[in-house]
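Letters A, B, ... are given to chains in the order of the sequence lines, protein chains preceding strands, and every chain is numbered from 1.
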There are 2 protein chains.
Amino acid sequence: MDMPAEERLGLLVKRAEQRLMAAKHAAVKTAGLTVPQYAALLVLVDNPGISAAALARECLVTPQAMTVVLKNLLGHGLIERGPHQWHRTMLETHLTDAGREALRTADAAAVVIERRIADAFTPDERDSLRDLLARFTQAI
Amino acid sequence: MDMPAEERLGLLVKRAEQRLMAAKHAAVKTAGLTVPQYAALLVLVDNPGISAAALARECLVTPQAMTVVLKNLLGHGLIERGPHQWHRTMLETHLTDAGREALRTADAAAVVIERRIADAFTPDERDSLRDLLARFTQAI
DNA sequence: GGCACAGTATCAAAGCTTTGATAGATATCA
DNA sequence: TGATATCTATCAAAGCTTTGATACTGTGCC
C-alpha cells in the first residue's frame with residue numbers, strides 16, 4: 001500500500017493483456033477454439049508429430065496444462081495422436097483436416113486484431129514498444 | 001499464418017504479462033495468497049463492506065469468479081461476510097485481522113517487484129511506456 | 001551389464017475463469 | 001399499485017493452470 005496503483009506499471013501491462021486476451025478469445029471463438037487451443041494448433045502446424053511435452057514448452061505452459069488442451073482438441077476431432085516409431089514413451093500429435101481448417105479460420109480472425117494493433121503505431125513506435133517491453137520483462 | 005510471430009506485438013505483451021504474473025505469484029505466495037486473492041484484498045482494504053459484485057467489477061472479473069475467490073479467502077479466515085443492513089440481497093465483506101496481516105506481507109513483496117520494474121526506466125521512458133500501452137489497449 | 005539422469009506421460013488436488021441460467025430484492029416509472 | 005429494469009447472489013458446466021507425485025523409457029557413463 002506504499003505505492004499508488006497509478007504508479008504500478010505492472011497494472012498497465014496486465015490491463016493491456018487482459019483486453020488483448022478478451023479480443024483474441026472472441027476472435028478464435030468463431031472457429032470454435034479457445035486461445036490456448038489456438039496457440040497449440042499454431043505451433044502444431046509447423047511441427048507435425050511434436051510431443052505433448054515439447055508443445056507445452058513451446059507454449060510456455062506445463063505439460064499437465066497441455067495435456068488438458070490436447071484432450072479437448074482430440075475430443076473435437078481437430079488432432080490425432082499415435083505412438084512414436086521407436087520412442088515408445090512418446091505420443092506423436094498431428095493435425096486433422098478439421099484442425100487445419102479451424103486453425104485457418106481462427107488465425108484469419110486473430111491476424112485482424114494484431115494488424116489493428118500494429119497499425120496504431122508508427123514503425124519507430126513499434127520498435128520503441130518492443131524495446132520497452134523487452135526491458136520490462138528483463139527487469140523482472 | 002500470414003503474419004510472422006515476431007511481428008505480433010500482442011505476443012510481446014502476453015510474454016511480459018506472463019513473466020510479471022509468475023513473479024507476482026511467487027511474491028504473494030509468501031503470504032499464502034494467490035494473485036486474484038491479493039487483488040481482491042487490495043480493493044477490499046480501501047472499500048470495507050463492499051459487495052461481491054462490486055468487488056468483481058473493480059477487479060475486472062465476473063461475479064462468479066469473485067465468488068470462488070471469496071469462498072477460498074473465507075475458508076482461510078482472511079475475510080468475514082455478513083448480511084447488509086437494509087439490502088437483504090447483499091452480503092457485506094470485511095477483512096479480518098489475519099486478512100490485513102496477509103495483505104500487508106503480500107503487498108510488501110509485490111511492491112518490491114513493481115519498484116524493480118519502475119527502476120529499470122527513466123521517468124521519460126515510464127511516460128512513454130504508459131502512453132504506448134494506453135494506445136495499445138485503445139486500439140483493441 | 002548396471003546405474004544415474006533426463007525426458008515423457010499421467011493421476012490427483014487446488015484454484016481461477018468464463019458463459020448460461022435461476023431466483024430474490026430494490027428502485028423507477030406509468 | 002403494478003410492471004419493468006436493475007442489481008444481488010448462486011448453481012452448473014466447461015475449460016485452463018499450477019504444484020506434487022508416480023511410472024516408464026531411452027541415453028550416457030562407469
In plain terms, say whether B:Glu17 and B:Lys14 are close enough for a salt bridge, that is, a side-chain N and a carboxylate O under 4.0 Å apart.
no
Whole Å only: how far is the CD atom of A:Gln18 from the C1' atom of D:dC16?
15 Å
Send over the distance from A:Gln37 CD to C:dT18 C1', rounded to a whole Å.
14 Å
Check this for me: does any side-chain nitrogen of one of B:Asp97 and B:Arg100 sit under 4.0 Å from a carboxylate oxygen of the other?
yes
Counting side-chain heavy atoms from CB outward, which of D:dC24, D:dT17, C:dC16 is closest to A:Thr89?
D:dC24
Just how far, in rounded Å, is P of C:dC16 from CG of B:Leu60?
17 Å
Which of D:dC16, C:dA9, C:dG15 is nearest the side chain of A:Thr34? It is D:dC16
Quick one: pull up CE in B:Met90 and CZ in B:Arg81 and give me the separation to the nearest 0.5 Å.
10.0 Å
From CD of B:Glu92 across to C1' of D:dA9 the rounded distance in Å is 15 Å
Given atom CE of B:Met21 and atom C1' of D:dT17, what is their separation to the nearest angstrom?
14 Å
Backbone N/O of B:Ala26 and side chain of B:Thr30: donor-acceptor pair under 3.5 Å
no
Any side-chain N or O of B:Asn72 under 4.0 Å from OP1/OP2 of C:dC16?
yes
Under 4.0 Å between any heavy atoms, over every strand shown, what does B:Thr62 touch: base, sugar-phosphate, or nothing? Just pick one.
base
Strand contacts (DNA chain C) in residues 47-59 of chain B, 4.0 angstrom heavy-atom criterion:
none
Is it the case that the base of C:dT19 and the side chain of B:Gln64 share a donor-acceptor contact (distance under 3.5 Å, atom types as modelled)?
yes
Is the backbone N or O of B:Gly49 less than 3.5 Å from a side-chain atom of B:Thr93, with the two atoms forming a donor-acceptor pair by type?
no
A:Val35 near the nucleic acid: base, sugar-phosphate alone, or nothing, with a heavy-atom cut-off under 4.0 Å?
nothing
Find the distance B:His25:NE2 to C:dA14:C1' and express it as a whole number of Å.
11 Å
If you measure from CE on B:Met66 to NZ on B:Lys71, what distance do you get to the nearest 0.5 Å?
13.5 Å
Taking atom C1' of D:dG15 as reference, at what distance in whole Å does atom NZ of A:Lys71 sit?
9 Å
Decide, yes or no, whether a salt bridge links A:Arg116 with A:Asp119 under the criterion of side-chain N to carboxylate O below 4.0 Å.
no
Using heavy atoms to find the nearest nucleotide of DNA chain C for A:Arg81 and B:Pro63 separately, return the residue whose nucleotide is more 5′.
A:Arg81
Figure out the CG/P separation between B:Leu91 and D:dC7, and round it to whole Å.
18 Å
